[in-house]
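Here's the structure, in C-alpha cells; my notes come after.
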Amino acid sequence: MAQWTSAVGAPQLARLLASQRAATAAEAGHRVPAYRSLADGVRLLVLEGRLPVATRLPAERELASALRVSRTTVAAAFEALRNDGFLASRRGSGSWTAVPAGKPLPTRGLEPLPPESAGSVIDLACASFLAPEPHLTDAFQGAVGDLAPYTHTHGNYPAGLPALREALAQRYTARGVPTMPEQIMVTTGAMGAVAALARLLTPRGERVAVEHPSYANVLHLLRDAGARLVPVPMAAELAGWDLPAWQQAFRDAAPRMAYVIADYHNPTGALATDDQRRDLVAAARAAGTVLVADESMTDLTLDEDAGLPRPVAAFDPGGSAVITVGSVSKAIWAGLRIGWVRAAPEVIRSLVAARVYADLGSPVLEQLAVARLMTGDGWDAAVAVRRARARENRDALVTALRDRLPDWEFTVPKGGLTLWTRTGGLSGSRIADAGERIGVRVPAGTRFGVDGAFEGYVRLLFTVADPLVDEAVARLAKAADMVRTGAVPEGDVPRTYVA
Ligand SMILES: Cc1ncc(COP(=O)(O)O)c(C=O)c1O
C-alpha cells in the first residue's frame, strides 16, 4: 500500500517553490547547483508545514516540465532529499515527503503549570490570564441571587441552562447569524465542545482536515479520537487561508470534518478574510465536509482597525455546512470553563443525547454568571479589560523581542493571544527544553504541526505583563544562547524549576 495520504500536483508544487524562492532569495548569499536549490526548496516547504509530511510528489518528468528544468536536475534533487531523510520512495508508488527519523514528536499535551509555581517559572505556554475584575466577581454575586429557582430542580441541564442558551442565541442573532436557543448546547469550554463534536462526527479512522499549524490541544484531542489528520498549510504572512490548498485537500482526502480558527488563529494570529470564509464554506459544502469554526479568540480584537469579518456561519444560510464552537475562556476567564456549540437543531439533539454518557452538563452557577454578563453591561466592560491587558502585553513582548532577540522573526497580529515566532534558525524544541531548565516555559513549534513540521518556531503569548515579560524574553535569549553553544544536553528535561 502507498505510504502517502495526499498529493501535490506539479503546477501547485511549482507555485509553492516560487513563493518560497521569493521569500528566501534575499538570504541566498552564494550560488548553489540547481538540484540543491530544488532540494532545499522542498525541504523548507516540509519544515515550514507548507508541504505536509506524507504528500506524494509529482513524477520527475512532470515536475521537470512545470519547473522548466531537466529531468536529471529533478532526479538529483529527489536523490538528495532521500539521502537527507525528507523523501521516501517505492517503485510503483512514487515518492512522498517525510521528516528525518530521530525527531520525536511531543506525545503529551503541555499541562498548565500549577498557579503556585508562578514566581519561579514564567509561563508563556498557557493561553489564560487574570480575570477581569471587578466584573467577574460582580457577575458571580448576581448569579448567587439568581440561583434559588434552580435549587428546586435536579440541576442537570445537558443542553445548558435555558437562560444561557437564550443569551447565546441572541448574541449570534445580533452578529448577523439568526439563531434559536435550540441551536445551542453549552459545554465545558471550547475543548468540551470540540471533544463532543469529534465523538459525534469522526468515528475512528475518519479524516479531519486542520489548518497547519493549528491549536495543539485540539490536534492531540483529534489524534486521540483516532482521526487521521490532513494538514492544510496557512497562507504566508498572516494572509489567512490558502484556498487552492483547501480545495485540493477536500478533493484528495474527502475529510469528514475540517477544524478551523478564522479569527486570530492559534498559533499564527491570522484573520481569514470575508472572501476566504465565503469560499471555504462553499468548498466544504460541495465536498460534504462539516466545517467546525472555533471562535474562542473572536472577542480579542486588539487593534481597532482589524476589521473583523462576518462570522463563518454567516456564509452558511442553510445551516448544515458550518458548526460553530465558542468559549468565554479568552474573552472573560478560563476558570469559568464555559463554552458552547452552535449547530442545526438536529445536530444539537444528537450532541445532547450523547452528553448523558459524557459529562452530563455544565455547572449551574457558572452558567448563570455568564448569562448575567451577556445580558447586562458586564460583558463589554469585562472584554474591554481583557483586550487592554492583552494589547499592553503584546506590545511589551514585541518590544522585548526586538531588543533582545533581533533575529527572531514574526508578524504582529491584530488580535488574539499568540505570536508565532521563527527562532533565528535554531531548533524551537531545543529552545523550549533549555527554557524549561532556566525558568521560562514556551511550547515548541512542532506541537502545533503534524509530523514534525515547524521545528524552527516557538509560540509566545500575550498573557504576561511588563516587567515580567522582559525577564521572560531575557531568559529566552539565554535559552537561545545555550542552544547555540551546545549547552543543552539531549534527553529528558528535569521537572524542577529555578528562578
Ligand atoms: C483556538 C482555541 N480553542 C480552544 C481553546 C481552549 O478553550 P477552552 O478553555 O474554552 O476549553 C483555546 C485555548 O487556548 C484556543 O486557543
Side-chain angles (χ1 to χ4, degrees), residues 1-101 103 207 209 212 228-236 241-255 283 286-287 449-456:
M1 208 182 76
Q3 303 287 306
W4 44 274
T5 53
S6 64
V8 60
Q12 196 198 352
L13 183 53
R15 182 173 68 86
L16 284 169
L17 286 164
S19 64
Q20 187 82 267
R21 257 198 301 282
T24 54
E27 291 163 26
H30 54 280
R31 279 191 67 78
V32 292
Y35 86 89
R36 191 69 253 177
S37 125
L38 173 56
D40 285 350
V42 172
R43 186 176 52 84
L44 260 180
L45 288 171
V46 173
L47 285 176
E48 293 271 309
R50 302 194 47 73
L51 200 55
V53 170
T55 299
R56 187 165 69 112
L57 297 192
E60 289 174 7
R61 187 179 301 114
E62 269 175 71
L63 187 57
S65 134
L67 293 173
R68 297 172 203 277
V69 297
S70 74
R71 185 156 168 205
T72 329
T73 299
V74 176
F78 278 20
E79 183 58 27
L81 284 165
R82 260 190 298 273
N83 289 339
D84 295 345
F86 285 94
L87 199 69
S89 310
R90 195 158 46 204
R91 197 173 290 280
S93 303
S95 297
W96 56 93
T97 53
V99 281
K103 269 196 193 152
R207 291 191 171 132
H212 201 214
R228 291 159 67 194
L229 299 183
V230 179
V232 186
M234 296 293 288
W241 294 323
D242 179 342
L243 257 299
W246 274 99
Q247 278 149 353
Q248 171 130 10
F250 287 140
R251 232 183 357 256
D252 291 347
V450 176
D451 297 325
F454 309 118
E455 178 58 30

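Note that the numbering runs from 1 along the sequence shown for the chain.
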How close do [X] and [Y] get, heavy atom to heavy atom, and via which atoms?
X	Y	value
A66	P11	CB-N, 4.4 Å
S95	F78	OG-CD2, 4.2 Å
Y35	A77	O-CB, 3.4 Å
T97	L57	CG2-CD2, 4.0 Å
G41	L17	C-CD2, 3.7 Å
A98	V46	O-CG1, 3.8 Å

Item to check | Criterion side chain to side chain contact (heavy atoms under 4.5 Å, CB included) on D242 and V232, from CA distance to verdict | outcome: CA-CA 8 Å; D242 179 342; V232 186; 5.8 Å; no
Item to check | Pairs involving residues 70-87, ordered by first then second residue, that meet side chain to side chain donor-acceptor pair (under 3.5 Å) (sequence neighbours left out) | outcome: R36-D84, S70-T73, E79-R82, R82-S89
Next on the checklist: Strictly distance-based, threshold 3.5 Å: is any side-chain N or O of Q12 a donor or acceptor partner for the main-chain N or O of A7?
Outcome noted: no
Checklist entry - Do L67 and L13 pass the side chain to side chain contact (heavy atoms under 4.5 Å, CB included) test, and can you show the C-alpha distance, the side-chain angles, and the key distance before you say yes or no? => result CA-CA 9 Å; L67 293 173; L13 183 53; over 6 Å; no
Item to check | 4.5 Å side-chain heavy-atom contact, L51 and P233 | outcome: no
